[in-house]
Enquirer: 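Pasting a structure here, questions to come.
Here the structure is a predicted model, which means the values were calculated and not measured. Start at 1 with the first residue, then count along the sequence. Reckoned from all heavy atoms, side chains included, excluding hydrogens, waters and symmetry mates.
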Amino acid sequence: MDETLAEFIKRTILKIPMTEMMTVLKAWDFLSEKQLQTVNFRQRKESLVHDLVLLCEEKRASVHDAALLDIICEDIDLFDMEQFKSSFVKILRRALKNVTVSFRDAEENSVWIRIAWGTQYRKPNQYKPVYVVYYSQTPYVFTSSCQLKSNIPLLGQALTVASNHHKIVKMDLRSRYLDSLKAIVFKQYNRNFETHNTTVPLQERTLELDIHMDSRIIHENRIEKERVQRVTQETFGDYPQPRLEFAQYKLETKFKSDFNGDILAERKEPLRCLIKFSSPHLLEALKALAPAGIADAPLSPLLTCIPNKGMNYFKIRDK
């Protein structure tokens with residue numbers, strides 16, 4: 001397969017939305033089920049396309065095969081990014097004339113949107129814009145903080161209508177690192193962030209850690225240390241964690257006491273408490289607690305569930 005044909009197949013596959021990728025490839029019926037099973041469909045789209053093109057080269061795809069793929073792609077309902085942009089701007093300006101909207105297409109079928117809000121009587125404030133990143137054909141949007149909170153419902157409405165979704169998912173998840181937010185939301189953190197050598201047996205990794213420790217430290221319970229290491233790996237995996245700076249827990253609970261007439265027990269209003277964990281790299285810090293002997297293993301699910309639940313704001317109430 002020559003470079004021109006490989007490039008055509010690459011561009012054709014790039015047009016396919018990730019949500020439709022497997023459906024289109026099966027309809028194409030060029031790559032076998034066994035070949036498709038060797039491909040990681042949860043990696044970045046560019047990497048996925050690269051792997052698929054390599055399989056096509058190995059199987060020596062022809063011009064006829066590439067043309068058939070193109071025909072199948074034309075049959076599916078591809079997302080129209082230009083239509084999205086046009087609809088988004090119209091909806092905003094229908095409600096608010098003084099607003100400036102700019103777009104920049106990015107990788108992975110995403111678009112960056114810069115919005116400078118004004119009011120009915122003031123021009124848009126270009127010094128305090130809101131940045132939005134939208135990934136086509138997904139119900140997820142990443143936004144920077146918005147100074148005018150009253151405009152958030154309008155922004156959500158414009159995104160919902162323009163993207164043809166019934167709703168845009170609101171998640172209690174915040175970070176300054178977009179790649180980490182994407183990894184958590186799209187469940188890619190166990191692959192995109194993977195850099196460690198997972199082929200080394202657990203016992204060897206434990207020994208390696210011990211070698212670099214101060215020789216004066218006496219290891220009294222090696223079995224327990226190996227258990228902690230194993231539980232930590234099962235909980236967090238053997239790869240770098242997505243980068244979050246904090247996790248916040250709002251607790252509401254009633255005071256319980258066996259003594260009659262206790263003032264706090266008779267209180268009708270719940271006791272409220274706010275707990276916040278912060279770190280330059282919170283998940284890596286939590287991962288290191290048990291191996292460092294600072295906490296027992298396993299850690300509380302309230303701490304370890306952050307990536308799986310896709311949130312770092314929690315409200316906890318008595319059942």
Enquirer: Just by distance, do the side chain of Asn151 and the backbone of Leu154 share a donor-acceptor pair under 3.5 Å?
Expert: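 Between the backbone of Leu154 and the side chain of Asn151 there is no qualifying donor-acceptor contact (under 3.5 Å).
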Enquirer: Using atom types as modelled and distance alone, determine if a side-chain donor or acceptor of Lys287 lies under 3.5 Å from a backbone N or O of Gln233.
Expert: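 Side chain of Lys287 to backbone of Gln233: no pair is present.
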Enquirer: How would you list, by chain and number, every residue that makes a ring pair (Phe, Tyr, Trp, His ring centres under 6.0 Å) with Tyr177, sequence neighbours excluded?
Expert: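 By the ring pair (Phe, Tyr, Trp, His ring centres under 6.0 Å) rule, Tyr177 matches no residue at all.
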Enquirer: If you count every heavy atom of other residues, nucleotides or ligands that lies below 6.0 Å from Lys59 atom NZ, does the total exceed 12?
Expert: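 Enclosed.
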Enquirer: Is there a continuous path of hydrophobic side-chain contacts, each under 4.5 Å between heavy atoms, that joins Val231 to Val228?
Expert: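 In one cluster with Val231: Val228, no.
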Enquirer: Find out if a path of hydrophobic residues (ILVMFWY) with successive side-chain heavy-atom gaps under 4.5 Å connects Phe30 to Leu54.
Expert: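 Not linked; separate clusters.
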Enquirer: Sub-3.5 Å donor-acceptor pair from the side chain of Ser163 to the main-chain atoms of Thr160, do we have one?
Expert: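 Flag set: sc Ser163 to bb Thr160 pair under 3.5 Å.
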Enquirer: Measure the shortest side-chain to side-chain distance between Ile115 and Phe88 over non-hydrogen atoms and say whether it is less than 4.5 angstrom.
Expert: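 Touching, per the 4.5 Å side-chain cut-off.
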Enquirer: For Ile13 and Met21, run side chain to side chain contact (heavy atoms under 4.5 Å, CB included): C-alpha distance rounded to whole Å, both residues' side-chain angles, the deciding distance at 0.1 Å, then the answer.
Expert: CA-CA 8 Å; Ile13 298 176; Met21 187 68 72; 3.8 Å; yes
Enquirer: Hey, does Val132 have a side-chain heavy atom less than 4.5 Å from the side chain of Phe142?
Expert: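 Result no, sub-4.5 Å side-chain heavy-atom pair not found.
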Enquirer: Could you tell me which residues satisfy ring pair (Phe, Tyr, Trp, His ring centres under 6.0 Å) with Phe277, sequence neighbours excluded, listed by chain and number?
Expert: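 For Phe277 the ring pair (Phe, Tyr, Trp, His ring centres under 6.0 Å) partners, ignoring immediate neighbours, are Tyr249.
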Enquirer: Which other residues belong to the hydrophobic cluster containing Val161, where Ile, Leu, Val, Met, Phe, Trp and Tyr are joined when side-chain heavy atoms lie under 4.5 Å apart, directly or via other members?
Expert: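 Same cluster as Val161: Ile91.
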Enquirer: Can you hop from Leu302 to Ile294 via hydrophobic side chains spaced under 4.5 Å?
Expert: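 Yes, Leu302 and Ile294 fall within the same hydrophobic cluster.
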Enquirer: Are the ring centres of Tyr313 and Phe246 closer than 6.0 Å?
Expert: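 Yes, ring centres under 6.0 Å apart.
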Enquirer: Donor-acceptor pair, distance only, cut-off 3.5 Å: does the side chain of Lys45 make one with the backbone of Ile16?
Expert: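 Yes, Lys45 side chain to Ile16 backbone: donor-acceptor pair under 3.5 Å.
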Enquirer: For a 4.5 angstrom cut-off between non-hydrogen side-chain atoms, does Leu178 reach Trp112?
Expert: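 Contact flag for Leu178/Trp112 side chains = yes.
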Enquirer: Check whether any side-chain N or O of Lys97 sits under 3.5 Å from a backbone N or O of Arg94 as a donor-acceptor pair, and report yes or no.
Expert: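 Here the side-chain-to-backbone pair does not exist.
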Enquirer: Decide yes or no for Leu25 and Leu52: does some side-chain heavy atom of the first lie under 4.5 Å from some side-chain heavy atom of the second?
Expert: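 A side-chain contact under 4.5 Å exists here.
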Enquirer: Once ring pair (Phe, Tyr, Trp, His ring centres under 6.0 Å) is applied, do any residues pair with Trp117, and if so which ones, sequence neighbours excluded?
Expert: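 Residues passing ring pair (Phe, Tyr, Trp, His ring centres under 6.0 Å) with Trp117: none at all.
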Enquirer: Would you say the side-chain atoms of Ser180 pair up with the backbone N or O of Arg243, donor to acceptor, closer than 3.5 Å?
Expert: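 Yes, Ser180 side chain to Arg243 backbone: donor-acceptor pair under 3.5 Å.
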Enquirer: Taking only residues two or more places apart in sequence, or in another chain, which ones meet Phe8 in a ring pair (Phe, Tyr, Trp, His ring centres under 6.0 Å)?
Expert: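 For Phe8 there are no ring pair (Phe, Tyr, Trp, His ring centres under 6.0 Å) partners, ignoring immediate neighbours.
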Enquirer: Treating Ile, Leu, Val, Met, Phe, Trp and Tyr as nodes and any side-chain heavy-atom pair under 4.5 angstrom as an edge, say whether Phe41 and Val49 lie in one connected cluster.
Expert: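 Cluster IDs for Phe41 and Val49 match.
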Enquirer: Report the C-alpha distance between Lys250 and Asp172 in whole Å, list the side-chain angles of each, state the deciding distance to 0.1 Å, and finish with yes or no for salt bridge (Lys or Arg N to Asp or Glu O under 4.0 Å).
Expert: CA-CA 12 Å; Lys250 287 186 177 180; Asp172 293 319; over 6 Å; no
Enquirer: Go through the steps for Met81 and Lys85 under the test side chain to side chain contact (heavy atoms under 4.5 Å, CB included), then give the verdict.
Expert: CA-CA 6 Å; Met81 185 62 79; Lys85 295 175 184 177; 3.7 Å; yes
Enquirer: Any donor and acceptor pair, going by atom type alone, linking the side chain of Glu284 with main-chain N or O of His281 inside 3.5 Å?
Expert: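 Side chain of Glu284 to backbone of His281: no pair is present.
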Enquirer: Are Lys276 and Asn312 packed together at the side-chain level, in the sense that at least one heavy-atom pair is separated by less than 4.5 angstrom?
Expert: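 When only atoms from C-beta onward are counted, Asn312 and Lys276 do not touch, as no gap falls below 4.5 Å.
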Enquirer: In chain order, what residues pass the salt bridge (charged side-chain N to carboxylate O under 4.0 Å, His left out) check against Glu7, with sequence neighbours excluded?
Expert: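 Salt bridge (charged side-chain N to carboxylate O under 4.0 Å, His left out) list for Glu7, sorted by chain: Arg11.
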Enquirer: State whether the side chain of Ser47 and the backbone N or O of Gln43 hold a donor-acceptor pair below 3.5 Å, judged by distance alone.
Expert: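 Absent.
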Enquirer: Could you check whether any side-chain heavy atom of Gln248 comes within less than 4.5 Å of a side-chain heavy atom of Ile275, counting everything from C-beta outward?
Expert: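 They are not in contact (no side-chain heavy atoms under 4.5 Å apart), so the answer is no.
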Enquirer: Would the distance check show the side chain of Thr100 and the main-chain N or O of Pro124 forming a donor-acceptor pair, the cut-off being under 3.5 Å?
Expert: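 Here the side-chain-to-backbone pair does not exist.
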Enquirer: Got Leu286 and Leu299 here, is their nearest side-chain heavy-atom distance under 4.5 Å?
Expert: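 A side-chain contact exists here, since the closest heavy-atom pair is under 4.5 Å.
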Enquirer: Donor-acceptor pair, distance only, cut-off 3.5 Å: does the side chain of Lys225 make one with the backbone of Pro291?
Expert: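 Side chain of Lys225 to backbone of Pro291, a donor-acceptor pair under 3.5 Å: no, none is there.
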Enquirer: Examine the side chains of Glu82 and Ser86 and answer whether a donor and an acceptor come within less than 3.5 Å of each other.
Expert: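 Short answer, no.
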Enquirer: Do Arg114 and Gln126 meet the criterion of a side-chain donor-acceptor pair at a distance under 3.5 Å?
Expert: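 Arg114 vs Gln126: donor-acceptor pair found between side chains.
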Enquirer: For residues Tyr140 and Tyr134, establish whether the separation of their ring centroids is below 6.0 Å.
Expert: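 No, they do not, as the ring centres are separated by 6.0 Å or more.
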Enquirer: Between Gln147 and Asn125, does the side chain to side chain donor-acceptor pair (under 3.5 Å) criterion hold? Intermediate values first, please.
Expert: CA-CA 10 Å; Gln147 298 291 330; Asn125 186 347; over 6 Å; no
Enquirer: Do Leu148 and Ile152 belong to the same hydrophobic cluster, where Ile, Leu, Val, Met, Phe, Trp and Tyr are linked whenever their side-chain heavy atoms lie under 4.5 Å apart, directly or via other members?
Expert: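 The answer is no; the residues belong to distinct hydrophobic clusters.
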Enquirer: Rounded to the nearest 0.5 Å, what separation is found between the CD atom of Gln229 and the CD atom of Glu226?
Expert: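 These two atoms lie 9.0 Å from each other.
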Enquirer: Side chains of Ser278 and Glu245: is there a donor and an acceptor less than 3.5 Å apart?
Expert: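 There is no such pair between these side chains.
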Enquirer: Is there side-chain contact between Arg42 and Leu48, with heavy atoms separated by less than 4.5 Å?
Expert: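 Arg42 does not reach Leu48 side chain to side chain.
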Enquirer: For Arg272, is the CZ atom crowded, meaning more than 12 foreign heavy atoms sit under 6.0 Å from it?
Expert: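 Atom CZ in Arg272 is crowded, with more than 12 foreign heavy atoms closer than 6.0 Å.
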